[in-house]
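Accompanying notes for the structure given below.
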Amino acid sequence: MSTPIIDVAAAANNAAPAPGLIQESSDAAFKADVIDASNQQPVLVDFWAPWCGPCRQLTPALEKVVTEKAGAIKLVKINIDEHPQIAGQLGVQSIPAVFAFAGGRPVDGFMGAMPEAEVRRFADKVITAAPAPAAAENSIEAQIADAVKGANEALAAGDLGSAAQIFGMVIQHQPDNAEALIGLAQVYLTAGESEQAQATLDMVPEDKRSGEAYASITNSLRLKAEAAELSDTAALESALATNPDDHQARYDYALALNAEGKRVEAAEALIAIFKRDRTWNEDGARTKLLEFFEAWGPKDPATAKGRRMLSAALFS
């Protein structure tokens with residue numbers, strides 16, 4: 001007696017899909033139903049509309065293939081007439097449109113109706129390439145860390161546009177990412193938009209308002225606010241030419257120079273006060289110079305040079 005051959009595919013076709021394996025979704029639920037869910041299993045997103053003839057051909061094939069896969073992949077259907085936002089963000093211009101998500105991000109897709117066999121091959125490719133569920137969360141975090149690193153490199157290179165774009169993308173995914181918020185605030189500050197910089201810095205969660213980068217930009221904003229209330233550098237230079245011992249004018253001149261990005265010159269002005277009168281304004285020149293160092297950061301060449309000049313003045 002021969003062993004009966006069981007048609008596994010046919011059995012799967014006749015079975016009902018597991019709960020949650022095929023579902024309708026919306027713009028509001030997209031993150032939970034697709035982005036977050038794809039960290040556990042790949043997700044196919046079917047953008048469709050009731051009036052779309054090819055959609056009525058493709059959707060049953062998608063449902064059949066997803067049911068066959070028995071949990072290896074899920075299907076989320078979004079009616080673009082009722083929920084157009086995500087489709088617009090993904091650049092969907094015609095339907096049916098199918099996007100595959102895995103590990104929290106889109107990995108593949110196709111437009112138009114497709115035969116069932118092609119749908120099956122597409123699903124198999126997505127399943128094979130998807131990260132393991134246990135590694136998906138780490139993968140997302142690693143991608144975010146790489147993005148922040150790239151944004152910081154762009155900022156250091158003076159490419160403010162790229163830095164702002166990358167920091168913004170990270171913040172869209174993680175609104176409380178302190179490093180990205182501080183980085184974006186630095187972009188605004190470098191671009192001369194102090195109000196935007198302060199508003200962005202205010203978005204940093206209170207329990208993350210610490211560290212070298214946060215202190216640096218906080219001090220920089222405070223110093224800029226102080227400098228905004230002063231006379232311009234030409235007027236201060238004129239006052240010093242008239243009276244080189246006008247320590248307040250020299251102090252204000254240092255603040256103005258720092259606001260213009262002339263850090264070494266600003267340090268030199270404060271050192272000059274310190275050399276002439278260490279006790280002036282309760283050691284105000286040295287105190288302000290230390291604030292400059294904190295705002296500039298320990299790796300800034302002006303900080304290193306300023307510290308050398310201060311050390312020489314202290315022991316002269």
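Just so it is clear, the values below take in all heavy atoms, side chains as well, and ignore hydrogens, waters and symmetry mates.
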Original post:
Applying side chain to side chain donor-acceptor pair (under 3.5 Å), which residue pairs with at least one partner in residues 200-210 are found, sequence neighbours left out?
Top reply: Q198-D202

**OP:** Please name the pair of heavy atoms, one in A49 and one in N79, separated by the smallest distance, quoted to 0.1 Å.
**Re:** CA-OD1, 4.0 Å

Subject >> Contacts of R250 that satisfy salt bridge (Lys or Arg N to Asp or Glu O under 4.0 Å) - sequence neighbours left out >> reply: none

Original post:
For R121, which residues count as a side chain to side chain donor-acceptor pair (under 3.5 Å) partner, sequence neighbours excluded?
Top reply: E118

Original post:
Quick one: side chain to side chain donor-acceptor pair (under 3.5 Å) pairs with a partner in residues 264-276, sequence neighbours left out?
Top reply: D245-R276

Original post:
Using 30° and 60° as the class limits, which term best fits the ring planes of F30 and F47: parallel, tilted or perpendicular?
Top reply: parallel

Original post:
Any chance the rings of W280 and F274 have centres within less than 6.0 Å?
Top reply: no

**OP:** Compare every heavy atom of P42 with every heavy atom of I73, then report the nearest pair and how far apart it is.
**Re:** CG1-O, 3.3 Å

Original post:
In terms of side-chain heavy atoms, does E294 have a donor or acceptor partner in N219 at a distance below 3.5 Å?
Top reply: yes

Original post:
With sequence neighbours left out, which residue pairs that include part of residues 156-198 fulfil the ring-ring contact (aromatic ring centres under 6.0 Å, His included) condition?
Top reply: none

Subject >> Contact summary for F293 and G306, nearest pair of heavy atoms >> reply: CZ-C, 3.3 Å

**OP:** Under the side chain to side chain donor-acceptor pair (under 3.5 Å) rule, collect the residues that match up with K305, sequence neighbours excluded.
**Re:** none

Original post:
Among pairs that include at least one residue of residues 27-43, which meet salt bridge (Lys or Arg N to Asp or Glu O under 4.0 Å), considering only residues two or more places apart or in two chains?
Top reply: K31-D36

Subject >> Donor on one side chain, acceptor on other, Q186 and T190, under 3.5 Å >> reply: yes

**OP:** Sequence neighbours left out, what passes side chain to side chain donor-acceptor pair (under 3.5 Å) with D283? Give chain and number order.
**Re:** R286

Original post:
Which pairs with one or both residues in residues 149-167 pass salt bridge (Lys or Arg N to Asp or Glu O under 4.0 Å), sequence neighbours excluded?
Top reply: none

Subject >> Side chain proximity check, L58 to V98, heavy atoms < 4.5 angstrom >> reply: yes

Original post:
Is Q23 reaching over with its side chain to a backbone N or O of L75, donor-acceptor style, under 3.5 angstrom?
Top reply: no

Subject >> Whether S38 side chain and V43 backbone form a donor-acceptor pair below 3.5 Å >> reply: no

Original post:
Within the distance-only criterion (no hydrogens, no angle test), does the side chain of T303 pair as donor or acceptor with the backbone N or O of K299 below 3.5 angstrom?
Top reply: no

Original post:
Which residue pairs satisfy the salt bridge (Lys or Arg N to Asp or Glu O under 4.0 Å) criterion with at least one member in residues 76-88, sequence neighbours excluded?
Top reply: E24-K77, E63-K77

**OP:** Consider only side-chain heavy atoms of I, L, V, M, F, W and Y, link residues closer than 4.5 Å, and tell whether V92 and V34 are in one cluster.
**Re:** yes

Original post:
Hey, does L189 have a side-chain heavy atom less than 4.5 Å from the side chain of I217?
Top reply: yes

**OP:** Would you check if W48 and I78 make a side-chain contact, meaning some heavy-atom pair closer than 4.5 Å?
**Re:** no

Original post:
Considering residues, nucleotides and ligands other than E282, do more than 12 of their heavy atoms fall under 6.0 Å from its CD?
Top reply: no

Original post:
Is it true that K288 and E226 have a side-chain N and a carboxylate O under 4.0 angstrom from each other?
Top reply: yes

Original post:
Can you list the residues that meet the side chain to side chain donor-acceptor pair (under 3.5 Å) rule with N152, with sequence neighbours excluded?
Top reply: E179

Original post:
Sequence neighbours excluded, which residues qualify as side-chain contact (heavy atoms from CB on, under 4.5 Å) partners of S26?
Top reply: A28, A29, H83

**OP:** Look at E116 together with R120 and state whether they make a salt bridge at an N to O cut-off of under 4.0 Å.
**Re:** yes

Original post:
Should V76 and V119 be counted in the same cluster of Ile, Leu, Val, Met, Phe, Trp and Tyr side chains packed under 4.5 Å apart?
Top reply: no

